[in-house]
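The structure appears below as structure tokens.
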2 protein chains.
Amino acid sequence: MNNHGGRPTVFDVARSAQVSIATVSRVLNGRTVTDQTLVARVRRAANELGYRPNMVARDFRHGGTRTVGVVIPDLANPFFPEVVKGIAHDVTADDRRLLIADSGESPDEELRLVGELSGRCDGIVLCSPRMPAENLESVARWGIPLVCTNREVAGLPLCTIGIDSAIGMVQAVEHLAGLGHRHIGYLAGPPSSWSDGERRAGLDEAARTHGVRASIEVAGATSDDGHRVLPELLRRNVTAVLAFNDLVALGALARLRELGLSVPADVSVVGFDDIPVAAFLGPPLTTVAVAKAELGRRASEMLRRLTAGDADQQQERLPSTLVVRGSTGPAVPDA
Amino acid sequence: MNNHGGRPTVFDVARSAQVSIATVSRVLNGRTVTDQTLVARVRRAANELGYRPNMVARDFRHGGTRTVGVVIPDLANPFFPEVVKGIAHDVTADDRRLLIADSGESPDEELRLVGELSGRCDGIVLCSPRMPAENLESVARWGIPLVCTNREVAGLPLCTIGIDSAIGMVQAVEHLAGLGHRHIGYLAGPPSSWSDGERRAGLDEAARTHGVRASIEVAGATSDDGHRVLPELLRRNVTAVLAFNDLVALGALARLRELGLSVPADVSVVGFDDIPVAAFLGPPLTTVAVAKAELGRRASEMLRRLTAGDADQQQERLPSTLVVRGSTGPAVPDA
DNA sequence: CTGAAAGCGCTTACAG
DNA sequence: CTGAAAGCGCTTACAG
């Protein structure tokens, strides 16, 4: 005896409808059953008993779950829900479902979650993974279809879809240099973030190209981080601040306000990601936009191809583009 | 033949380790196996083969999934990730996992998702459901442990944990009345939202108590809604605006700025929820705070009790409290 | 076209 | 203490 909870099974329906369990299964799955009286009897019995198929048994039988797992560092960062929406759109269009897990920016938890999900999903989208390369490598060896967003590891044959941060970074620096800024500060993200590395590299190069100075202070991924670290940058006399993401930029904006500095009159601020609130801030945030939902959609597509077996690992990149709003303006003559 | 993907099973491990599948299972689940050479052999074989247990089969055998499903209206509203974090905290502490689904504010999709999840989870937390009462009633009859947040249906024996919006609403009106505001506008939420009904009722009563006028315009749940509808309220000459939630308030703030009105000098604005960005806005948003993570935690606790069978349906309420920040100030003499 | 039976991968009483 | 066997609920070849 198992049947925990005493839920009715195909067997109960079959007995009640006076047919075989095979017929029950066929009727309930829309398979070919000619005799309409049988169909009617089965439906009636199922309804009367309040039969609901045991999906776990069904998945087990099918040998697949039609479920995609998604691991993200922080659900509270509005960037990720947008990516998830993109994934969800593609996944549900295909009559599959999504299992979302939040690692809380912890690399260990991230690894644990992937392990957990891998047994219950047919594929996994690992968003902006923070885990070290060697862990990523062993996960890749588990053999479960896996796509990473915002992370590439040199020499690791992994399906990835990332943002080309450099493009947007170059545009941002160009924009600021054009406004007369000669010293730009960067509020860097979490050290384990691949995107942050990309952005630093993009900044270095763009700064060199335009002959501007770039100062870096490590902040993190949250508004608190931006709020906390901004003064360090000010101490270095920057006239413009680039932030790892919009949340960090938001924290920086708040701190500037508290310090009595006005944006963009005294200091210019540029974010990254273009999260939904960015356009509604005062001033509206100039930021480097990335196609978040598109990123998710593409990741899901890659996963589909991977699961279908007709794709080798590949690395894609989506461009990023500067969106100029109100938080950037001419540099003050001497700051 | 099934074994899609040719993954190794207990059977393969058993053969390789020269033991029975029962022993494999026992070793891998930390059950009593005395002979340490057997243990070693099994572990080695499992490692060599790269054996990973089929979790679906395990769940199937156990007759339970140790998974909690969560359905939310919109992952992009920062309110919900906070609630989810509260649920996740309680759920993962108990070695269970979370399956999150987003209904996109669609009542139909919501019903579909609950149906989908109910077959794959041991319990469901239905956050701020928008579906009509009759659907909620039939879902309740499915027999799966179910807890609703932010929704009570008169006469329906449902486990619910809600926010007592009235408390915060009264405090907000009191606060505004104390600042001299005599005409308050309310940017209402989605018509299907129970919380919105509660807030309207709280507003009505508080307005009567303090002898202030209250005007209502239906907005929605997003910043765009607030941005779009705000002018209607202004046309009615309100001096203060209450918003259904912080996102709506954010949209209203942006629109006010565009109209050249300053907050709180010209108009006061109060939000609801106290989402993480609220404190970082310019001006920082005065808002009615609710314990979002606590709401999630309590929902998960109720679900646990429900699953354990030692609880009848019950309705809990969490208080809400006004947090005064910079977006509210004295009423202008004539607005 | 429908029914009887096998089997998905695992765990756990039940024997030995 | 370990192994052989049953069985979780379902679907799908295989017979009839």
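Chain letters run A, B, ... following the sequence lines, proteins first, then strands; residues in each count from 1.
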Quick check, does A/Phe60 stack with C/dC8? I mean ring centres under 5.5 Å and planes off by under 30°.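 Ring-base stacking flag set for A/Phe60 and C/dC8.
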Where the side chain of [X] is concerned, which of [options] is the nearest nucleotide?
X       : options                : result
A/Arg61 : C/dA6, C/dT2, C/dT12   : C/dA6
A/Leu38 : D/dC10, C/dT2, C/dG9   : C/dT2
A/Ile21 : C/dT11, D/dG3, D/dC10  : D/dC10
B/Val10 : D/dT12, C/dC10, D/dC10 : C/dC10
B/Pro53 : C/dC10, C/dA5, D/dT2   : C/dC10
B/Ala22 : C/dT11, D/dA4, C/dC10  : D/dA4
B/Ala57 : C/dT11, C/dC10, D/dT12 : C/dC10
B/Asn29 : D/dT2, C/dT11, C/dG7   : C/dT11

For C/dA4, give the paired nucleotide (Watson-Crick: N1-N3 plus N6-O4 or O6-N4; G-U: N1-O2 and O6-N3; both under 3.5 Å), or none. none
Identify the nucleotide, in any strand shown, that forms a Watson-Crick or G-U wobble pair with C/dA13, with both distances under 3.5 Å; if there is none, say none.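 Matched C/dA13 with nothing under the 3.5 Å cut-off.
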Establish, with yes or no, whether the OP1 or OP2 oxygen of [N] is under 4.0 angstrom from a side-chain nitrogen or oxygen of [X].
X       : N      : answer
B/Ser25 : C/dC10 : no
B/Ser20 : D/dG3  : yes
A/Arg26 : D/dT11 : no

Integer-rounded Å distance: [N] [atom2] and [X] [atom1]:
X       : N     : atom1 : atom2 : result
B/Phe11 : D/dA4 : CZ    : C1'   : 13 Å
A/Arg7  : D/dC8 : CZ    : C1'   : 13 Å
A/Gln36 : C/dT2 : CD    : C1'   : 14 Å

Indicate whether any N or O donor in one side chain lies under 3.5 Å from an N or O acceptor in the other, for B/Thr37 and B/Asp35.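 Looking only at side-chain atoms, B/Asp35 and B/Thr37 do form a donor-acceptor pair, the distance falling under 3.5 Å.
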Within the 3.5 Å criterion, strictly below it, is a donor on A/Arg52 or B/Ser118 matched to an acceptor on the partner's side chain?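 Yes, side-chain donor-acceptor contact under 3.5 Å.
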Salt bridge check, B/Arg305 against B/Glu316: does any charged N sit closer than 4.0 Å to a carboxylate O? yes
In plain terms, say whether A/Glu82 and A/Lys85 are close enough for a salt bridge, that is, a side-chain N and a carboxylate O under 4.0 Å apart. no
Below 4.5 Å, heavy atoms only, C-beta onward: do B/Trp142 and B/Val114 meet side chain to side chain? yes
